Amino acid sequence: MALTAKTVDLSVDLGFLTLKNPVLAASGTFGYGLEFEPYLDLEKLGGFVVKGLYYGPREGNPPPRLVETPSGLINAIGLQGIGVEAFAAKVLPKLRRLRTAVIVNVCGADDDEYAAVVDFLDRQEGIAAYELNISCPNVKTEGLCPALSPRTTFDLVKRIKAASRRPIITKLSPNVTSIVEIAQAAEEAGTDAVALVNTFLAMALDLETRRPKLGNVFGGLSGPAIKPIALRMVYQVASRLKVPVIGMGGIMTGADALEFLVAGAAAVEVGTASFVDPDAAVRIVSEMERWCEAHGVAAVREIVGTVKTA
Amino acid sequence: MALTAKTVDLSVDLGFLTLKNPVLAASGTFGYGLEFEPYLDLEKLGGFVVKGLYYGPREGNPPPRLVETPSGLINAIGLQGIGVEAFAAKVLPKLRRLRTAVIVNVCGADDDEYAAVVDFLDRQEGIAAYELNISCPNVKTEGLCPALSPRTTFDLVKRIKAASRRPIITKLSPNVTSIVEIAQAAEEAGTDAVALVNTFLAMALDLETRRPKLGNVFGGLSGPAIKPIALRMVYQVASRLKVPVIGMGGIMTGADALEFLVAGAAAVEVGTASFVDPDAAVRIVSEMERWCEAHGVAAVREIVGTVKTA
Amino acid sequence: MTIERNARLRAVRSWGDYFHFSVEAPAVGRGARPGQFVMVKVDDCTSPLLRRPLGIHDADAGGIELFFKVAGAGTGILSRKKPGDRLDIIGPLGKGFTVGDGLKGKKAYLVGGGRGIAPLFFLGRALAAAGARPAVFYGGRTAADIPLCDKFEQAGFELHCSTDDGSFGFSGFVTALVENEIIRAKPAIVYACGPDPMMKVLASITAKHAVPAEFSLESIMGCGIGACWGCVHRIKDGTGDGWVKICEEGPVFPGERILWL
Amino acid sequence: MTIERNARLRAVRSWGDYFHFSVEAPAVGRGARPGQFVMVKVDDCTSPLLRRPLGIHDADAGGIELFFKVAGAGTGILSRKKPGDRLDIIGPLGKGFTVGDGLKGKKAYLVGGGRGIAPLFFLGRALAAAGARPAVFYGGRTAADIPLCDKFEQAGFELHCSTDDGSFGFSGFVTALVENEIIRAKPAIVYACGPDPMMKVLASITAKHAVPAEFSLESIMGCGIGACWGCVHRIKDGTGDGWVKICEEGPVFPGERILWL
Ligand SMILES: Cc1cc2nc3c(=O)[nH]c(=O)nc-3n(C[C@H](O)[C@H](O)[C@H](O)COP(=O)(O)OP(=O)(O)OC[C@H]3O[C@@H](n4cnc5c(N)ncnc54)[C@H](O)[C@@H]3O)c2cc1C
Ligand SMILES: Cc1cc2nc3c(=O)[nH]c(=O)nc-3n(C[C@H](O)[C@H](O)[C@H](O)COP(=O)(O)OP(=O)(O)OC[C@H]3O[C@@H](n4cnc5c(N)ncnc54)[C@H](O)[C@@H]3O)c2cc1C
Ligand SMILES: Cc1cc2nc3c(=O)[nH]c(=O)nc-3n(C[C@H](O)[C@H](O)[C@H](O)COP(=O)(O)O)c2cc1C
Ligand SMILES: Cc1cc2nc3c(=O)[nH]c(=O)nc-3n(C[C@H](O)[C@H](O)[C@H](O)COP(=O)(O)O)c2cc1C
Ligand code: FES
Ligand code: FES
């Protein structure tokens, strides 16, 4: 069968946002986007989520900040970043010109700071949505963050959603007993979508020195190692929520991404893979396209949530 | 320096039980022990934990029961087993002769069944302790098990501890928001030790068929992939509990095992590694011994809980 | 049941995706019986993590032969090994085919589909040595999937080849070819190894013609030594049926005990 | 900054744990400046997961050379590559050493400890081309740790070797040897690459003698392209100091800007 170049419709509609394809580059693994321009065409992405932003610039954690583990990576960057003002002044003008969805990952030391970040960004143009990072394990003691409890999730999401002029994607933590419960709290509070998972609270020790391998002692585990747990969580959440789910955790290939869609994710984010291959996210888009072609899938959205269990 | 053969004291004292070395083979990955006799000397182990036992024989889950993931293994065996009566009649007489600690992993569909298993085994000789498996993710819907809540953990441990004539090791699930809270509940209920971690609730999909790769849909992830999370949990729990902690999760080498000791584990269990190398547990003992020799550590227990963070 | 950590790969032959390894492993080779298998560590890396089960294609006091098809990452890594490289193998494992004394002078049909041919060379040799008259049925999708035809012929076996696409030998499924032969000349026993669908059809054929049969089953294996309960298949025993470990009680089972799902 | 997925390994030389690779990679080689590095994928396996940073040992329009020591799993896998194998590399990355016009006719000291010698060959060649007079100080724990002495000599460099155990050249730390020479003949600049403790001592020596210096720093790297904030070091800038990304703003920094922790 002769296939014409563009037989597959890759677009996905999140309700509040239409993406040209389901692949977003994940926050913290894609810098502010521009770092990747030498390696890929940013406009070939469904979109990208910039590094988490606090209101002001942030120092981050003392190094070492990274340690590799079998098929995984623990990071304890601690959200070093330039803050919203520098972002709006220096980065956003360049991002605004791109024909792709730019999503900002919003952080805060407390609820007021989240609100302040959103308030400031609401006055800027060129942002498609906010990803509310209530789940970074690297900033407080032993991974404490709002996403660990339905109550704090609900309160924060409710407040930010009410204040924001843009759609809110709530990014959930996997370090919980019931991810469904937290996702439901975010949905009740009015989130427009949920994104999961952030990293797993982890640690590594140097046997010779008996010291933690990370300056921050604890860090967050990402990469292929976590994929089976992340996929399980996406499957559990997607079947119970009305709002769309953005899935991530260890996606390295188009097949991985498609599995998350089958499990129920409307879109995916690609994180650690961009370190291994700076052009991974775009490669994944084309692998998905080729798979759909080969399997006679006319529109990728058809496969979302199609797990057969009977 | 000429080293004499036995310079290192590998023994560890759990309070209720002294082990000749800190390495136990983990439940479900070491059969009933006898399967490994062709490959290692069972008496060289600190001990081993036999496959989880319900009162009666159990069918287990439909296959496929295993799927490999990057640096990990998901299993959904579903605790197939022979039940306590067959165990006592056919297996225990052979195990009783071994000079090593035989620990029985105790399961139950409800609290009464746990109690019945312990009651039956209490009347048998040759068991060093019970490991209360309140954390198997493979038997109820979506991984439900007593170890997910402090309340159910407390109630079950309290009841079994009161009834049992033998020490109780409570085996915890990592699929919780606060492993410390659950461990403390077990301690308050009188457990003699805690063992962590059991497997992480996970899943895998076959993209071509869109079916779960496991007959049971969900399964438990083990192996090197989970080690950084398991080590973090052991570190968190060990610094807060008075009872000893038995650590496990992805231990493949003597160095891995020693890291768990440094993090605070009084002993370790070796699981998936025994599939890759049936003699892994004994190799790990000798690797630990050699490391201690090379580092002038006279007794391995000296390194327990010696993480330096300042 | 030996762990042979340093088995030297003596020689490699390959035909597309199919590979033949000759491995120096005296302790494994000496103990091996047809239908048994080994567990091979493909790499030191933790991904793939587990050993891979491979049937014993042939064995003698010096070692064993393996024959495999590249199916994924593990067999892919294995296929890139070079003569002189070291393999870490455990075996022989499982219970093999039954080569009974009663077969003397009788016909035995050996049916292999694709990579399922692997254990049948060793079995054929054992049958011949026991005085039976083995005939081998070797089927594949296309001519490229039955690379061992020459080897079986050179070893003097009666050989019937088939390909699904008719590119070599009988055109159609090997099961049809076997049924034709069973009708022409009923054998004392049928042995088979191959994909489940092939064996399922063959099981009904042998049942219909009342020929005893033994099938070598496959499953993903965690340990290969009966310790994980990962490799079960539905098998009848005296009282009923249950999930039975292929690695320990099999991989070969009598046809009438296997429940095909 | 190119991704070269199919760079052919042309030749391998080795001395114990040290390896020299010649790699065909025109796009990388053409753009390279001394002190820059590449990120190398060692395997398709997910463990190790990340690329490994390696300095550019030499470069021309046809490709680059690498010189590395086996330090762990990643470099171990790399060391087993054979000529003809393909490497997947990204580069050139980072900002290199400053080779200013002002150095014409002036002395420059290049100090390499162990594997830290790697980027200094390319730097030495560039300095010589710019009319400077480079002298190389090459230190190691023992004679086995300074395998490139011959190469530097054959290339016509002024070479001073040292070993901590005195098995070859000056007996003692390379920093002591450099300080002796600074006292004898003060250079216009000192460049260094090596273990942190060595560079820290050298930083105080160059400060004491008021010699400008540039140091190439190391860190575990996540991405190598400035996207992960994983590779930071404490660096002074105009107003204060902060965690600065080595991969993007370095790996080479002027001595006076580096805060040694
Ligand atoms: C007792 C026994 C003997 C065997 N003997 C041989 C032999 O002699 N020659 C030979 O080529 N192969 C043989 N196999 C099959 C062989 O073990 C698998 O092809 C191999 O393990 C696949 O590993 P991989 O990493 O290459 O592929 P993977 O990436 O692990 O798998 C590729 C695909 O095959 C499926 N698969 C993997 N393992 C099995 C399995 N054991 N059974 C069925 N499907 C599987 C996976 O689900 C996946 O879809 C045997 C299997 C068993 C159980
Ligand atoms: C810009 C740059 C250029 C480099 N150039 C060279 C070079 O030309 N030749 C060369 O031999 N090496 C060089 N290195 C060091 C090299 O990258 C590491 O030795 C290598 O990544 C180790 O990988 P591994 O998997 O072999 O060891 P691993 O198992 O990852 O690590 C072994 C040990 O080294 C430590 N380690 C790992 N990476 C680093 C690092 N980047 N810095 C400090 N300690 C580390 C680990 O914590 C561990 O203790 C360079 C590093 C950087 C940052
Ligand atoms: C180095 C690093 C930095 C990260 N920074 C952020 C961040 O700023 N905000 C955020 O929400 N998630 C952050 N994450 C989490 C990722 O966005 C993603 O949720 C996680 O890595 C799992 O996906 P992966 O396995 O594909 O990497 C970071 C991850 C890594 C590895
Ligand atoms: C195939 C398999 C079966 C298991 N069965 C049991 C069991 O019966 N009881 C139990 O408490 N844990 C069981 N476990 C969990 C292990 O004992 C161990 O907690 C877990 O695998 C983590 O350790 P590892 O990474 O070293 O394997 C099983 C694990 C595997 C892989
Ligand atoms: S493979 Fe483990 S019991 Fe068969
Ligand atoms: S290595 Fe990622 S920012 Fe430097």
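Worth saying up front: this structure is predicted, and the values here are computed from it rather than measured. Every chain is numbered from 1, with letters handed out A, B, ... down the list of sequences.
For A:S274, no part sits under 4.5 Å from any heavy atom of chain D, backbone or side chain. Using a 4.5 Å cut-off between heavy atoms, A:E59 touches chain D through backbone and side chain atoms alike. Using a 4.5 Å cut-off between heavy atoms, A:P64 makes no contact with chain D at all.
Chosen from D:G230, D:C231, D:G242, the residue pairing most often with chain A at heavy-atom distances under 4.5 Å is D:G230. Comparing A:D279, A:L34, A:N75 by heavy-atom pairs within less than 4.5 Å of chain D, the highest count is held by A:D279. Ranked by heavy-atom pairs under 4.5 Å with chain A, the list D:M39, D:H233, D:R52, D:M221 is led by D:R52.
Look at D:R51 and A:D277 and you find a salt bridge, because one of the NZ, NE, NH1 or NH2 atoms lies within 4.0 Å of a carboxylate O, short of that distance. With respect to A:K94 and A:E37, no salt bridge is recorded, no charged nitrogen being found less than 4.0 Å from a carboxylate O. Between D:R125 and D:D60, no side-chain nitrogen of the basic residue sits less than 4.0 Å from a carboxylate oxygen of the acidic one, so the salt-bridge criterion is not met.
If you check the side chains of A:S135 and A:S173, you find no donor sitting under 3.5 Å from an acceptor. Using modelled atom types, one finds no donor on one side chain facing an acceptor on the other under 3.5 Å when comparing A:S27 with A:E131.
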